[in-house]
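Here is the structure we will look at, set down as C-alpha cells.
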There are 2 protein chains.
Amino acid sequence: MLKRLSKDIKKINIKKKSTIKDIANVLNISPAAVSKALHDDPRISDKTKKAVRQVAKNLNYHPNHLASALRKGKSNLVGIIAPRTNSHFFSSVVQSMEEVLNKKGYNIIMTHSNESYKKECDNIDTLLFTQVDGIIASMANETINLDYYNKIKTKGIPLILFDRGENDLNVDYIGIDDYKSSHIIVKHLVDQGCKRIAHIGGYKHTRIFNNRIRGYIDALREHHLPLEEELLLESSLSIEDGRNKIEQLLKLKHRPDAVYVASDYAALGALQVLKEKNIRVPEDIALVGFGNEPFTAMVTPSITSINQHSEEIGKLAAQTFLEHMKSPTIKQSLNKKILDAELVIRESSKIKG
Amino acid sequence: MLKRLSKDIKKINIKKKSTIKDIANVLNISPAAVSKALHDDPRISDKTKKAVRQVAKNLNYHPNHLASALRKGKSNLVGIIAPRTNSHFFSSVVQSMEEVLNKKGYNIIMTHSNESYKKECDNIDTLLFTQVDGIIASMANETINLDYYNKIKTKGIPLILFDRGENDLNVDYIGIDDYKSSHIIVKHLVDQGCKRIAHIGGYKHTRIFNNRIRGYIDALREHHLPLEEELLLESSLSIEDGRNKIEQLLKLKHRPDAVYVASDYAALGALQVLKEKNIRVPEDIALVGFGNEPFTAMVTPSITSINQHSEEIGKLAAQTFLEHMKSPTIKQSLNKKILDAELVIRESSKIKG
DNA sequence: ACACCTTGCTTAAACGTTTAAACAAAGTAC
DNA sequence: GTACTTTGTTTAAACGTTTAAGCAAGGTGT
C-alpha cells in the first residue's frame with residue numbers, strides 16, 4: 001500500500017519523457033517504423049505517418065537529440081569563440097551567424113576568450129568535448145601559438161576564422177580589408193587638410209593590426225607624406241592605453257594634426273584626454289577610430305570610424321560552415337572572403353564643410 | 001594502385017577517433033574496466049589505472065560526451081536566455097555564470113531573445129531540444145504569457161530567472177531591489193536640491209519596471225513631494241524613445257529640474273536632446289540613468305546610474321542552478337535573492353559639491 | 001577446512017535513436 | 001503460374017558510454 005502510493009507520486013512528478021518506443025507501443029508498430037515516419041521516409045505509408053504524428057503529439061514526444069547525435073555522429077552544434085563579450089562588433093557578428101545557422105537546424109555554443117590565449121585553449125577543449133560539428137572563431141590578441149587550432153584541423157572538424165585570422169593556418173577566413181581601410185582613412189584625413197597623421201596601432205603580430213599599420217605607411221607614401229617614427233605607436237588599444245598614447249603624442253615638439261586609432265575604445269580614451277586638455281577636436285587634432293562601436297555616435301564630438309559589416313561577416317562565416325557540412329568529403333578550396341569596409345564620417349574628423 | 005593511394009589519403013585525413021573500446025583492446029581488458037579506470041573507481045587497481053591513462057594519452061583518446069550524456073541522462077549543458085546581446089549588463093552576467101559553471105564541468109549554450117516573445121519561445125524549444133540540464137533566463141520585455149516557461153517547469157528542468165522575472169512563475173529568481181533603487185535615486189536628487197523629479201519608466205507590466213515606478217512614487221511621498229502625472233511617463237526605453245520622452249517633458253509649462261530614466265540607453269537619448277537644446281546638465285536639469293552601462297562614464301557629462309552588480313547576479317544564478325543539480329529530488333525551497341544596488345554618482349547629477 | 005570477505009575484473013544490458021538488411025504481402029509482367 | 005518488383009514494415013545492430021550484477025582468485029578468521 002505504501003509502496004504503491006510512492007510509486008504513484010513518482011508517476012506524477014517525474015512524468016517520464018516519451019520516446020519513439022512509447023509511440024511504437026501505442027500503435028503496435030516497430031520503433032524503426034516510427035523513426036522513419038517522423039522523418040517522412042517515403043517507404044512509410046501516409047496512414048502510418050499520420051497516426052505516428054498524432055500519437056507523438058498526444059504523448060508530447062520530443063526527440064532525444066543526444067541519442068540521434070550519437071547515432072548519426074553529428075551534434076548539430078556549432079562552437080563559436082569570440083575574444084570579447086562586450087564589443088558590439090562581435091555580438092553583432094554572432095547574432096547574424098545564429099540567424100543563418102538556426103534556420104538550418106544548427107545551434108550555437110558561445111564561448112569567450114577575453115583576449116587570453118589560455119582561455120582560448122580551454123574554449124577549444126570545451127567545444128571539442130561537446131562534439132560540435134564545427135568551430136567559428138576569432139583569435140585572441142595574445143594568440144601566436146597555433147597548436148590548438150591545428151588540433152581542430154587534425155580532428156577533421158571544420159574551422160572558420162573571422163576578423164582575427166592567421167595566414168599560416170590554412171583555413172577559411174572572413175574579414176574586412178584592413179589594409180585598404182587604412183588607405184581610406186588616410187585619404188579622408190588628407191582631404192580634410194591634415195598633414196601630420198599619427199597612428200595608434202595594435203600589436204604588430206596580430207594580422208589585422210599589422211595590415212592596418214602597413215596600410216597606414218603605404219597610404220602616407222602615396223600622399224607624399226613622410227613617415228615619422230614618433231607618430232606611429234603600438235598599443236594594447238584599451239581605453240586606458242589610448243589615453244597613454246595620446247599623451248605621448250601631445251608631448252612631441254611637433255604635434256600631429258590628426259590621429260588614426262586602430263580601435264574605437266582607444267580612440268575614446270584619446271578623446272577624453274583631448275577634451276580634458278581643451279584641445280579642439282577636430283580643429284586642432286582630428287580623430288578617427290576603427291570598428292564603428294555604437295558609442296562612437298554617442299559621445300561628443302562623435303567619432304569617425306570604420307564600419308566592419310558585422311552582419312555580413314557573420315552571415316558569410318555561417319554559410320561557409322554550412323558548405324562544409326554539405327560536402328564534407330570533398331576537399332574544399334580555401335575560402336578567403338575579404339569585404340570592403342566603409343568609413344562613417346562623424347564630427348571628430350569633419351574639418352571642412 | 002590508384003585505389004590504394006586514395007585509401008591511404010583517407011587514413012591520413014580522417015584519423016578515426018579512439019574510443020574506450022580501443023583502449024580496452026590494447027590492454028586486453030574490458031571496456032567497462034577502462035571506463036571505471038578513467039573515473040578513478042576504487043575497484044580498479046592502480047596498475048590498471050596507470051596503464052589505461054597512458055594508453056588513453058597515446059591514442060589521443062577523448063571521451064564522447066554525447067554517449068555519456070545519453071547514458072547518464074545528463075548533458076552537462078546549461079541554457080541561457082538573455083534579452084539582448086549588446087548590453088553590458090547581460091554579457092557581464094553571462095560571463096560570470098560561465099566562470100562558475102565551467103569550473104563544475106558545465107558548458108553554456110547562449111541564446112538571445114532580442115526582446116521578442118516569439119524568439120524567446122524558439123529559444124526555449126532549442127534549449128529543450130539540446131537536452132540542457134537547466135535554463136537560466138531573463139525575460140523579454142514583451143513576455144506576458146508564461147506558458148512556455150511553465151513548459152520548462154513541467155519537464156522537471158530547473159529554471160532560474162534573473163533580472164527580469166515574474167512572481168507568478170514559482171521559480172528561483174536573482175535580481176536587484178528595483179523598488180529600493182528608485183528610493184536611492186530620488187533621495188540623491190532631493191539631496192541635490194531637486195524639487196520636480198520626473199521619471200521616464202519602462203512598461204508597467206514588466207515587474208522590474210513596475211517596481212521602479214512604485215519606488216519612485218513612494219519615494220516622492222516620503223520626501224513630501226507631490227506626484228504629478230505629467231512627470232511620470234511610460235517608455236520603451238530605447239535611445240530614440242528617450243529622445244521623444246524628454247522632448248515631451250521639455251514642452252511642459254512647468255519643466256522638471258531632474259529626470260530619472262529607467263534605462264541608460266533612454267537616458268543617453270535624453271542627454272543628447274538636452275545638449276542639442278543647450279539645456280545645462282545638471283544645472284538646469286539633473287539626469288540619472290539605470291544600469292551603469294560603460295558608456296555612462298564615457299559621455300559628457302557622464303551619467304549618474306545604478307550599478308546592478310552583474311557579476312554577483314551571474315554568480316548567484318549559476319550557484320542556484322548547481323544546488324538544484326546536487327539534490328534534484330528534494331523539493332527545494334524557493335530561492336529569491338534580491339541584491340542591493342549601488343548608485344554611481346557622476347556629473348549628470350552632481351549639483352552640489 | 002570451511003565460510004566469508006575483498007579485490008579486480010568481466011558480462012551484459014541500457015540510454016534513444018538510426019539504418020542496413022531482411023522479409024512478407026501484394027502487385028505486375030509474361 | 002512463375003518470376004520479379006514494389007510497398008510497407010520488422011529485425012537487429014550500431015553509436016560510445018555507464019553501471020548493476022556476477023564471478024573468479026586470493027585472503028582472513030575460526
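Residue numbers begin at 1 in each chain, while the letters A, B, ... track the order of the sequences. Note that the structure is predicted; figures quoted are calculated from it, not measured.
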Legend entry - Sequence-distant partners of Y117(A), side chain to side chain donor-acceptor pair (under 3.5 Å), two or more places apart: none
Legend entry - Heavy-atom donor-acceptor pair, N25(A) side chain to D22(A) backbone, under 3.5 Å: no
Legend entry - Carboxylate-amine/guanidinium proximity below 4.0 Å for D122(B) and K118(B): yes
Inset, instruction - Within residues 34-42 of chain B, find the residues that approach DNA chain D with a heavy atom at under 4.0 Å, and present them sorted by residue number. - result: S35(B), K36(B), H39(B)
Inset, instruction - Provide, to the nearest angstrom, the distance between the CZ atom belonging to R43(A) and the C1' atom belonging to dA26(C). - result: 13 Å
Please table the atom pairs, donor to acceptor, closer than 3.5 Å between any side-chain atom in residues 134-141 of chain A and protein atoms at least two apart or in another chain.
from    : atom 1 : to      : atom 2 : distance (Å)
S138(A) : OG     : F162(A) : O      : 2.8
S138(A) : OG     : R164(A) : N      : 3.2

Inset, instruction - Mind checking side chain to side chain donor-acceptor pair (under 3.5 Å) for N145(B) and listing every partner two or more places apart, or none if nothing turns up? - result: none
Legend entry - Bend angle of the helix from dA1(C)-dT30(D) to dC30(C)-dG1(D), from helix axes over five pairs at each end, nearest 10°: 50°
Inset, instruction - Find the distance D46(B):CG to dT7(C):C1' and express it as a whole number of Å. - result: 12 Å
Inset, instruction - Remember a base hit wins even if backbone is also touched, and classify S45(B) as base, sugar-phosphate or nothing at under 4.0 Å, heavy atoms. - result: sugar-phosphate
Under 3.5 Å, which donor-acceptor pairs link side chains of residues 34-42 of chain B to any protein atom two or more places apart or in another chain?
from   : atom 1 : to     : atom 2 : distance (Å)
H39(B) : ND1    : S35(B) : O      : 2.8
D40(B) : OD1    : K49(B) : NZ     : 3.2
D41(B) : OD1    : R43(B) : N      : 2.7

Inset, instruction - May I ask you to test the L161(B)-Y149(B) pair for a side-chain heavy-atom distance under 4.5 Å? - result: yes
Can you give each donor-acceptor pair under 3.5 Å made by side-chain atoms of residues 93-101 of chain A, sequence neighbours left out, with the distance rounded to 0.1 Å?
from   : atom 1 : to      : atom 2 : distance (Å)
Q95(A) : OE1    : T85(B)  : OG1    : 2.9
Q95(A) : NE2    : N114(B) : OD1    : 3.0
S96(A) : OG     : E311(A) : O      : 2.7
S96(A) : OG     : K315(A) : N      : 3.0

Listing, residues 72-82 of chain B side-chain donor-acceptor contacts under 3.5 Å, not counting sequence neighbours, or none:
from   : atom 1 : to      : atom 2 : distance (Å)
K74(B) : NZ     : N76(B)  : OD1    : 2.8
K74(B) : NZ     : Y106(B) : OH     : 2.9
S75(B) : OG     : L77(B)  : N      : 3.2
S75(B) : OG     : Q131(B) : O      : 2.6
S75(B) : OG     : D133(B) : OD1    : 3.4
N76(B) : ND2    : G105(B) : O      : 3.0

Legend entry - Qualifying residues under side chain to side chain contact (heavy atoms under 4.5 Å, CB included), relative to P31(B), sequence neighbours excluded: I20(B), K21(B), A24(B)
Inset, instruction - Examine distances only and state if a side-chain atom of S92(A) and a backbone atom of S310(A) form a donor-acceptor pair shorter than 3.5 Å. - result: no
Legend entry - Span of DNA chain D, from the first to the last nucleotide whose atoms fall under 4.0 Å of chain B heavy atoms: dG16(D) to dA21(D)
Inset, instruction - State which residues pass side chain to side chain contact (heavy atoms under 4.5 Å, CB included) with A67(A); sequence neighbours excluded, sorted by chain then number. - result: N64(A), L70(B)
Legend entry - Close approaches to DNA chain C from residues 61-72 of chain B, in residue order (heavy atom, under 4.0 Å): L70(B), R71(B)
Inset, instruction - Find out whether L159(B) and D172(B) are in side-chain contact, i.e. whether some heavy atom of one side chain is under 4.5 Å from a heavy atom of the other. - result: no
